[in-house]
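Inspection log for the structure reproduced underneath, given as structure tokens.
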Amino acid sequence: MKATLVANLTQAWQTLHQQGLLPDPNPERIEVVSTKDPKHGDYACNLALVLAREANLNARDLAEQIIQNLPENPDLLSTEVAGPGFINFQLRPEAKAEIVDQVLSQATNYGTRPPGSEQRILIEYVSANPTGPLHVGHGRGAALGSCLARILEAAGHTVECEYFINDAGRQMDILAISVWLRYLELCGEPVIFPEAGYQGDYILDIAADCHRTRGDVWRASFENIRAGAPDDGPDEDGHNMYLDFLILRTRDFLDETIWTELASVAVDTLLERIRRDLDHFGASFDYWQSERELLDDGKVEQTIAQLREAGHLYELEGALWFRSSEFGDEKDRVVQRSNGQWTYFATDIAYHADKMARSYGTAINIWGADHHGYAGRVRAALQALGIDPERLEILLVQFASLYRGKQKISMSTRSGEFVTLQSLQHEVGQDAARFFYVMRKSDQHLDFDLQLATEQSVDNPVYYVQYAHARICSILERAKDEEINIPEDPCDLSPLTDEGERALQKQLSRYPDAVLRSAQEREPHHLTVYLRKLAQEFHAYYNAVAVLVDELPVCQARLRLIMAVRQTLGNGLNLLNIDAPESM
RNA sequence: GCGCCCGUAGCUCAGUGGAUUAGAGCAUCGGUCUUCUAAACCGAGGGUCGCAGGUUCGAGUCCUGCCGGGCGCGCCA
């Protein structure tokens with residue numbers, strides 16, 4: 001309907017253009033909106049207000065002229081000028097009711113665009129370091145990414161998802177030493193565990209596994225390893241020299257293959273668990289890209305060589321720097337340390353260059369807000385490589401602070417203090433957890449109160465929406481029991497005259513916009529807001545009007561209406577990967 | 001100090017440059033189950049949209065400055 005109105009308005013604009021009153025028509029400037037207040041009709045357009053200035057005309061007069069030149073539209077009851085110069089369209093009741101048949105005939109496709117009609121998009125999300133289990137802080141990215149993937153698909157994009165595994169660098173050494181020291185303890189060695197090692201219980205589990213399968217073969221004397229080590233704890237610069245010392249000595253002591261195996265056993269175990277948790281959470285991935293592999297395949301060297309050839313690198317104090325400041329970054333960045341090792345930034349450049357070369361129109365990264373300073377340098381690198389940095393979208397997700405009542409829970413992977421995503425799902429449930437995560441704008445801080453989510457889970461808005469769906473199913477079930485003929489095909493909808501029925505029809509017609517807007521803005525919360533509104537209108541209607549009435553034509557029209565509501569609720573919940581239950 | 005995000009009801013938050021009256025939920029108070037599920041509905045109270053300017057037909061929404069909060073500013077990942 002909106003599209004038809006835009007077409008009508010374009011035609012009127014064209015006529016006025018030929019009369020020399022208006023500039024060339026541009027349909028993109030025509031904004032038709034669904035009105036909030038029924039007094040303003042069903043749709044409103046501000047075109048006259050927008051053009052009044054450049055046409056040098058009074059807005060109301062111009063609106064009148066536009067209306068004079070609109071073509072016949074049989075769906076319209078009235079078209080009038082209102083307020084300062086709005087054009088309000090009032091639909092005929094039959095035209096409004098069409099939405100019900102439209103929803104039901106399109107069924108699961110209602111609100112979607114044809115698959116593959118838009119861009120090909122890669123979403124990279126979560127990508128948590130494989131040094132510990134996922135915790136509630138990762139949940140927000142997981143929920144956002146997986147919802148966005150579905151929403152973008154519904155909007156006609158072709159979407160693939162990727163997890164970048166940071167399985168290289170210093171953190172792998174810390175992981176390996178942490179596991180190995182716990183292993184030594186199991187062998188009976190007295191160990192002084194560094195405070196900067198990974199403290200979590202999951203390290204013990206991995207160590208126990210190693211000890212069970214391998215016995216004492218990796219054992220060494222801790223006393224020998226530790227000989228000459230500095231005291232545990234951070235120095236003035238915050239570095240833990242004790243930890244570094246242990247890592248160095250151990251790598252000397254143990255065969256390199258054992259060291260590598262230690263790290264890979266730990267990473268594999270943790271990744272397995274991460275995969276499982278994400279799967280249970282409803283987040284799935286097409287690709288798992290390893291950082292290690294990029295290094296081993298020489299991709300990093302290649303990409304850096306490319307930068308060097310283009311003259312974007314220089315040496316300073318033994319390190320290799322990238323002139324990112326010439327591409328809008330705050331300052332230049334090191335890509336290769338003076339000890340010859342690549343920085344994480346170097347592998348990340350290679351990763352992004354590789355990603356952008358894989359024929360995606362757009363790549364979306366979902367990052368925690370603490371990485372925001374990083375966006376500039378990655379974009380700078382892409383630009384230096386001749387890749388349009390606009391093709392990389394970086395969505396920053398603000399942190400979720402976790403509370404148990406008024407008590408804030410601080411989390412850190414290293415200290416082992418955190419609430420895992422798994423336990424959150426266990427306590428709150430997948431549906432509520434996902435809904436809770438995406439119901440706020442992602443650039444908004446989120447307070448996640450475990451107490452509220454568990455103790456008062458009945459007040460959680462997700463149940464409100466699901467309940468509406470279940471109630472409709474229940475009515476339909478009852479109708480079947482009473483052998484009322486449930487109309488499978490369009491029937492006469494003229495009995496739908498109640499205010500609540502009009503409101504529901506209007507709300508149904510807004511669904512495609514909610515999906516599209518969520519997709520365009522990369523903000524699933526528009527969809528949650530929409531679903532709550534639709535559920536609210538249904539609950540109000542339910543309490544005001546009985547569906548199963550004796551008068552068959554009325555009853556059937558109402559059944560069609562609530563079936564359309566059920567379909568739309570189900571479609572929306574499905575995009576959030578939340579269950580639409582038939583009973584509760 | 002510099003950069004990014006945020007500031008809307010007691011609390012948590014929606015709000016697409018639009019319409020005499022800025023909306024939800026929670027919390028508070030008062031009503032509604034012999035009826036299709038009361039996990040629901042109806043109603044009441046509660047606001048200088050952080051402050052001050054500016055842009056324009058029109059600003060919670062855009063711009064500038066200030067105040068307050070969060071995060072980031074490594075040859076860590």
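So that the names make sense, note that chain A is the first sequence line, chain B the second, and so on, each numbered from 1.
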> Given atom CD of A:Glu537 and atom C1' of B:G23, what is their separation to the nearest angstrom?
Replying inline: 13 Å
> Within less than 4.0 Å of OP1 or OP2 of B:A40, is there a side-chain N or O belonging to A:Tyr463?
Replying inline: no
> How would you label the contact of A:Ala52 with the nucleic acid (heavy atoms, under 4.0 Å): base, sugar-phosphate, or nothing?
Replying inline: nothing
>> Once side-chain contact (heavy atoms from CB on, under 4.5 Å) is applied, do any residues pair with A:Glu482, and if so which ones, sequence neighbours excluded?
In response: A:Arg478, A:Ile484
> Does B:C62 adopt a syn or an anti glycosidic conformation, taking syn as a chi angle within 90° of 0?
Replying inline: anti
>> Test of understanding: with side-chain hydrogen bond (donor to acceptor under 3.5 Å, both in side chains), list the residues that count as partners of A:Arg379, not counting sequence neighbours.
In response: none
> Which residues pass the side-chain hydrogen bond (donor to acceptor under 3.5 Å, both in side chains) test with A:Gln567, sequence neighbours left out?
Replying inline: A:Asn571
> Please give, in whole Å, the distance from B:U35 C1' to A:Ile475 CD1?
Replying inline: 12 Å
> Expressed as a whole number of Å, how far does the C1' atom of B:C26 sit from that of B:A9?
Replying inline: 12 Å
> Starting at the 5' end of RNA chain B, what dot-bracket string do you get if Watson-Crick and G-U pairs under 3.5 Å are bracketed, crossing pairs use [ ], other-strand pairs use | and unpaired bases use dots?
Replying inline: (((((((..((((....[....)))).(((((.......))))).....(((((..]....))))))))))))....
> Who passes side-chain contact (heavy atoms from CB on, under 4.5 Å) against A:Ala540, sequence neighbours left out?
Replying inline: none
> When you compare B:C6 with B:G50, how far apart are their C1' atoms, in angstrom units rounded to a whole number?
Replying inline: 11 Å
> For the side chain of A:Tyr464, counting heavy atoms from C-beta on, which of B:G18, B:C36, B:C41 is nearest?
Replying inline: B:C41
>> I'd like to check the side-chain hydrogen bond (donor to acceptor under 3.5 Å, both in side chains) partners of A:Glu291; sequence neighbours left out, ordered by chain and number.
In response: A:Asn166, A:Thr347
> When the distance from CG of A:Leu47 to P of B:G18 is rounded to whole Å, what number comes out?
Replying inline: 15 Å
>> In whole Å, measure the gap between the C1' atoms of B:U56 and B:U61 for me.
In response: 14 Å
> For the pair made of CG in A:Leu395 and P in B:C5, what is the distance, rounded to whole Å?
Replying inline: 13 Å
>> Need one value for A:Ala470: base, sugar-phosphate or nothing, where a base atom within 4.0 Å counts as base even if backbone is also close, heavy atoms only.
In response: base
>> Measure NE2/A:His469 against C1'/B:U37 and give the value in whole Å, please.
In response: 15 Å
>> Without decimals, in angstroms, what is the distance between A:Phe538 CZ and B:C41 P?
In response: 11 Å
> Could you run down nucleotides 72-77 of chain B 5' to 3' and tag each one B, S or - for protein heavy-atom contact under 4.0 Å?
Replying inline: SSBBSB
> Base, sugar-phosphate, or nothing: which does A:Ala540 touch, judged by heavy atoms less than 4.0 Å apart?
Replying inline: sugar-phosphate
> Counting any heavy atom closer than 4.0 Å, what does A:Ser583 reach on the DNA or RNA strands: base, sugar-phosphate only, or nothing?
Replying inline: base
Please report, to 0.1 Å, the donor-acceptor pairs under 3.5 Å made by any side chain of residues 365-378 of chain A, with sequence neighbours excluded.
unit_1: A:Asn365; atom_1: OD1; unit_2: A:Lys355; atom_2: NZ; d: 2.8
unit_1: A:Asn365; atom_1: ND2; unit_2: A:His352; atom_2: NE2; d: 2.8

>> What is the separation between atom NE2 on A:His539 and atom P on B:A39, rounded to the nearest whole Å?
In response: 10 Å
> Which value, in whole Å, describes the distance between the P atoms of nucleotides B:G68 and B:C29?
Replying inline: 37 Å
>> For residues 544-557 of chain A, which residue pairs pass the salt bridge (charged side-chain N to carboxylate O under 4.0 Å, His left out) check, not counting sequence neighbours?
In response: none
>> I'd like to check the side-chain hydrogen bond (donor to acceptor under 3.5 Å, both in side chains) partners of A:Gln65; sequence neighbours left out, ordered by chain and number.
In response: none
> Is a donor on one side and an acceptor on the other found under 3.5 Å between the side chain of A:Gln536 and the backbone of A:Lys533?
Replying inline: no
> Are the aromatic ring centres of A:His469 and A:Phe538 under 6.0 angstrom apart?
Replying inline: no
Protein and nucleotides 11-17 of chain B: nitrogen or oxygen contacts under 3.5 angstrom:
unit_1: B:U12; atom_1: O2'; unit_2: A:Arg440; atom_2: NH1; d: 3.1
unit_1: B:U12; atom_1: O2'; unit_2: A:Arg440; atom_2: NH2; d: 2.8
unit_1: B:C13; atom_1: OP1; unit_2: A:His445; atom_2: O; d: 3.0
unit_1: B:A14; atom_1: OP1; unit_2: A:Lys441; atom_2: N; d: 3.0
unit_1: B:A14; atom_1: OP2; unit_2: A:Gln444; atom_2: NE2; d: 3.0
unit_1: B:A14; atom_1: O3'; unit_2: A:His525; atom_2: NE2; d: 3.3
unit_1: B:G15; atom_1: OP1; unit_2: A:His525; atom_2: NE2; d: 2.7
unit_1: B:U16; atom_1: OP1; unit_2: A:Arg517; atom_2: NH2; d: 3.2

>> Taking side-chain contact (heavy atoms from CB on, under 4.5 Å) as the definition, give me every residue that meets it alongside A:Asp354, ordered by chain and number, with sequence neighbours left out.
In response: A:Lys299, A:Arg358
>> In whole Å, measure the gap between the P atoms of B:U16 and B:G74 for me.
In response: 36 Å
> Are the side chain of A:Arg333 and the backbone of A:Arg323 linked by a donor-acceptor contact shorter than 3.5 Å?
Replying inline: no
>> Suppose we call two aromatic rings close when their centres sit under 6.0 Å apart. Are A:Tyr163 and A:Tyr125 close by that rule?
In response: no
>> Nearest heavy atom decides the nucleotide; on that basis, is A:Val545 or A:Cys45 closer to the 5' end of RNA chain B?
In response: A:Cys45
> Using the P atom in both, what is the distance from B:C49 to B:U8, to the nearest Å?
Replying inline: 11 Å
> Could A:Arg532 and A:Tyr464 be counted as a cation-pi pair, given that NZ or CZ must be under 6.0 Å from the ring centre and within 45° of the axis?
Replying inline: no
> Under 4.0 Å between a side-chain N or O of A:Arg471 and OP1 or OP2 of B:A38?
Replying inline: yes
>> Expressed as a whole number of angstroms, how long is the span from A:Gln398:CD to B:G7:C1'?
In response: 13 Å
> B:U21 and B:G17: how far apart are their P atoms, nearest whole angstrom?
Replying inline: 23 Å
> Say you pick atom C1' in B:A22 and the same atom in B:A59; how far apart are they, in whole Å?
Replying inline: 12 Å
